[in-house]
**Student:** 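Below: one structure in structure tokens.
In listed order, ligands and their atoms are each counted from 1.
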Amino acid sequence: MSSRRKFLKTAALSSAVFGSGNIFAEKSNPYKTVKGSAVVVSTWDFGKTANLGAWEVLGKGGRALDAVEQGVKIPEADPTNQTIGYGGLPDRDGFVTLDSCIMDEKYNCGSVMCLEHIMHPISVARLVMEKTPHIVLAGEGALQFALANGFEKVNLLTAQSEKDWKEWMKTANYKPESNIENKLYNKGNDPMPGGPNNHDTIGMMAMDANGDMSGACTTSGLAYKMHGRVGDSPIIGAGLYVDNEVGAATASGVGEEVIRIVGSHLVVELMRGGMSPEKACTVAVQRIVKRSPERSKTIQVGFVALNKKGEYGGYSLQPGFSFSVKSNKVEQVFKAASYYK
Ligand code: GLY
């Protein structure tokens with residue numbers, strides 16, 4: 001075996017076993033795909049299942065836009081995922097409110113914010129993009145638009161999420177936001193910031209066989225948020241951005257911090273300037289740390305990006321952020337490197 005092949009094999013193995021994010025450093029990404037070959041990248045380990053849904057479209061030569069919509073619909077309909085769609089944890093008043101957006105290869109985009117009672121907010125966001133002169137519909141207007149277009153009204157609050165919310169209500173006492181974040185991101189003082197609820201969003205980016213890119217991002221947002229609160233996920237440029245000339249990026253974590261730096265757009269612009277996906281995600285995270293060094297120690301934010309060459313990478317504030325990749329060559333969950341160790 002040549003020394004180069006030996007290195008690639010070793011790097012692949014150590015990533016799979018130890019989850020090193022360093023293999024994504026510039027010039028050392030062994031998983032580079034050829035421009036134009038299909039690839040899908042999404043946040044967290046549950047992205048692996050969502051990627052398979054996207055791959056049903058991409059693997060047949062389908063469009064990236066259709067792939068990302070189909071892919072994220074899987075966690076949206078999964079009642080065991082308490083941070084996305086059906087089964088999502090409610091706000092502090094007991095309402096499950098969903099935020100979603102979608103963006104295609106021509107800067108077309110659609111978004112719904114604070115949408116209730118709809119199983120697949122991502123499909124409503126796509127309809128906003130394709131059937132209205134607008135980009136964002138929010139709240140009751142978004143619901144009326146969905147119902148008028150044939151979406152069914154459903155109860156998104158599962159018995160488990162209602163039970164968890166009622167348990168939280170016993171002690172939460174409408175305390176400030178940071179307590180909620182601690183509950184969400186450091187449940188039970190887990191030594192690894194995160195614990196069972198350290199994820200909160202699926203962001204997915206795909207490049208199809210034509211080399212066209214699209215993205216989707218969908219979430220029920222921070223658990224027990226104030227009623228009416230909207231995070232980064234449905235905000236184009238914050239939770240998701242796609243520029244078909246450069247690449248795409250998406251975010252997970254405390255949305256307020258992502259919005260402040262318009263994080264996903266920032267990552268894409270850094271890639272336009274020549275940075276690798278991992279380096280661009282790293283610089284975006286560093287900007288959050290610079291703005292609020294103390295707060296950044298207690299919260300999680302992660303970025304993941306895919307460039308036009310098919311290279312991908314991620315980076316987060318805290319350990320524990322992961323992203324999933326599927327192409328003809330790779331089907332794997334990667335642990336991202338992090339600012340705090
Ligand atoms: N990143 C999801 C949220 O903050 O709602």
Side-chain angles (χ1 to χ4, degrees), residues 42-44 46-47 50 72 75-76 81-85 87-93 95-103 111-116 121-122 125 136 138-139 142 156 161 165 176-187 193-194 197-205 215-241 249-267 281 284-285 288 292 295-296 298-305 314-318 320-323 336:
S42 53
T43 51
W44 301 107
F46 54 72
V72 303
E76 279 187 341
N81 188 323
Q82 290 184 290
T83 55
I84 299 166
L89 288 166
D91 64 24
R92 55 181 63 179
D93 296 323
F95 301 104
V96 181
T97 66
L98 306 178
D99 294 339
S100 301
C101 76
I102 194 161
M103 189 163 188
S111 163
V112 288
M113 301 179 178
C114 214
L115 174 63
E116 292 180 61
I122 196 65
V136 183
L156 297 172
S161 287
W165 167 62
E177 183 192 9
S178 57
N179 288 352
I180 298 163
E181 288 164 5
N182 287 339
K183 266 184 177 289
L184 185 63
Y185 291 100
N186 202 4
K187 207 170 185 177
N197 273 338
N198 72 339
H199 55 73
D200 74 333
T201 300
I202 184 152
M204 176 181 280
M205 306 156 288
C217 189
T218 183
T219 186
S220 51
L222 287 180
Y224 320 131
K225 60 195 174 187
M226 289 176 72
H227 186 58
R229 179 263 188 191
V230 171
D232 60 312
S233 303
I235 298 179
I236 301 296
L240 175 76
Y241 198 70
T250 190
S252 184
V254 177
E256 283 74 7
E257 296 306 315
V258 178
I259 293 169
R260 282 191 175 98
I261 63 161
V262 199
S264 294
H265 185 260
L266 171 63
V267 170
C281 293
V285 165
I288 291 172
S292 49
R295 180 170 158 80
S296 72
T298 65
I299 60 168
Q300 177 66 302
V301 172
F303 291 101
V304 58
Y315 195 81
S316 57
L317 272 172
Q318 313 292 342
F321 179 56
S322 59
F323 57 96

**Student:** Taking distance alone, with no angle check, do Asp99 and ligand 1 share an N/O pair under 3.5 Å?
**Tutor:**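 No; every N/O pair is 3.5 Å or more apart.
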
**Student:** Do Asn81 and Thr83 pair up side chain to side chain, a donor and an acceptor below 3.5 Å, judged on atom types alone?
**Tutor:**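 Side-chain D/A pair, Asn81 to Thr83: present.
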
**Student:** State which residue, out of Trp44, Phe323, Phe303, fulfils the side chain to side chain contact (heavy atoms under 4.5 Å, CB included) condition with Ser252.
**Tutor:**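 Answer to the side chain to side chain contact (heavy atoms under 4.5 Å, CB included) test with Ser252 among Trp44, Phe323, Phe303: Trp44.
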
**Student:** Phe95 vs His227 aromatic rings, parallel, tilted or perpendicular, using cut-offs 30° and 60°?
**Tutor:**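 Geometry flag for His227 against Phe95: tilted rings.
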
**Student:** Pairs of nitrogen or oxygen atoms closer than 3.5 Å, one from Glu256 and one from ligand 1: do any exist?
**Tutor:**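 N/O-N/O distance below 3.5 Å does not exist for this pair.
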
**Student:** Below the 3.5 angstrom mark, is there an N/O of Val254, backbone or side chain, next to an N/O of ligand 1?
**Tutor:**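 No: no nitrogen or oxygen of Val254 is under 3.5 Å from one in ligand 1.
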
**Student:** Mind checking whether Arg229 has a heavy atom under 4.0 Å from ligand 1?
**Tutor:**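 Heavy atoms of Arg229 do come under 4.0 Å of ligand 1.
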
**Student:** Go through ligand 1 atom by atom and flag the ones less than 4.0 Å from a non-hydrogen atom of Leu222.
**Tutor:**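 Checking each atom against Leu222, I get 5 (O).
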
**Student:** Below 4.0 angstrom from a heavy atom of Gly221, which ligand 1 atoms are there? Numbered from 1 as shown, please.
**Tutor:**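 Ligand 1 atoms under the 4.0 Å threshold to Gly221: 5 (O).
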
**Student:** Name the one of Asp91, Thr97, Leu98 that satisfies side chain to side chain contact (heavy atoms under 4.5 Å, CB included) with Cys114?
**Tutor:**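 Of the listed options, the one satisfying the test is Thr97.
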
**Student:** Under the salt bridge (Lys or Arg N to Asp or Glu O under 4.0 Å) test, which residues partner Glu257, sequence neighbours left out?
**Tutor:**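 For Glu257 the salt bridge (Lys or Arg N to Asp or Glu O under 4.0 Å) partners, ignoring immediate neighbours, are Arg260, Arg291, Arg295.
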
**Student:** Return yes or no for this condition: an N or O of Gly255 is under 3.5 Å from an N or O of ligand 1.
**Tutor:**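 Indeed, backbone or side chain, Gly255 has an N or O that close.
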
**Student:** Go through ligand 1 atom by atom and flag the ones less than 4.0 Å from a non-hydrogen atom of Ser233.
**Tutor:**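 With Ser233 as reference, the close atoms of ligand 1 come out as 1 (N), 2 (C).
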
**Student:** Once rounded to the nearest 0.5 Å, what's the spacing between atom OG1 of Thr218 and atom CE of Met204?
**Tutor:**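 The distance works out to 11.0 Å.
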
**Student:** In ligand 1, which numbered atoms sit nearer than 4.0 Å to a non-hydrogen atom of Thr201?
**Tutor:**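 Going through ligand 1 atom by atom, the ones under 4.0 Å from Thr201 are 1 (N), 2 (C).
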
**Student:** Answer whether the closest heavy-atom distance between the side chains of Val301 and Phe321 falls below 4.5 Å.
**Tutor:**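 No; the side chains remain at least 4.5 Å from each other.
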
**Student:** If the cut-off is 4.0 Å to any non-hydrogen atom of Gly253, which atoms of ligand 1 fall inside it?
**Tutor:**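 Those atoms are 1 (N), 2 (C), 3 (C), 4 (O).
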
**Student:** If the threshold is 4.0 Å, N to carboxylate O, is there a salt bridge linking Glu256 and Lys225?
**Tutor:**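 No, no charged N to carboxylate O under 4.0 Å.
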
**Student:** At a 4.0 Å threshold, what atoms of ligand 1 neighbour a non-hydrogen atom of Asp232?
**Tutor:**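 Counting atoms of ligand 1 from 1, those under 4.0 Å from Asp232 are 1 (N), 2 (C), 3 (C), 4 (O).
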
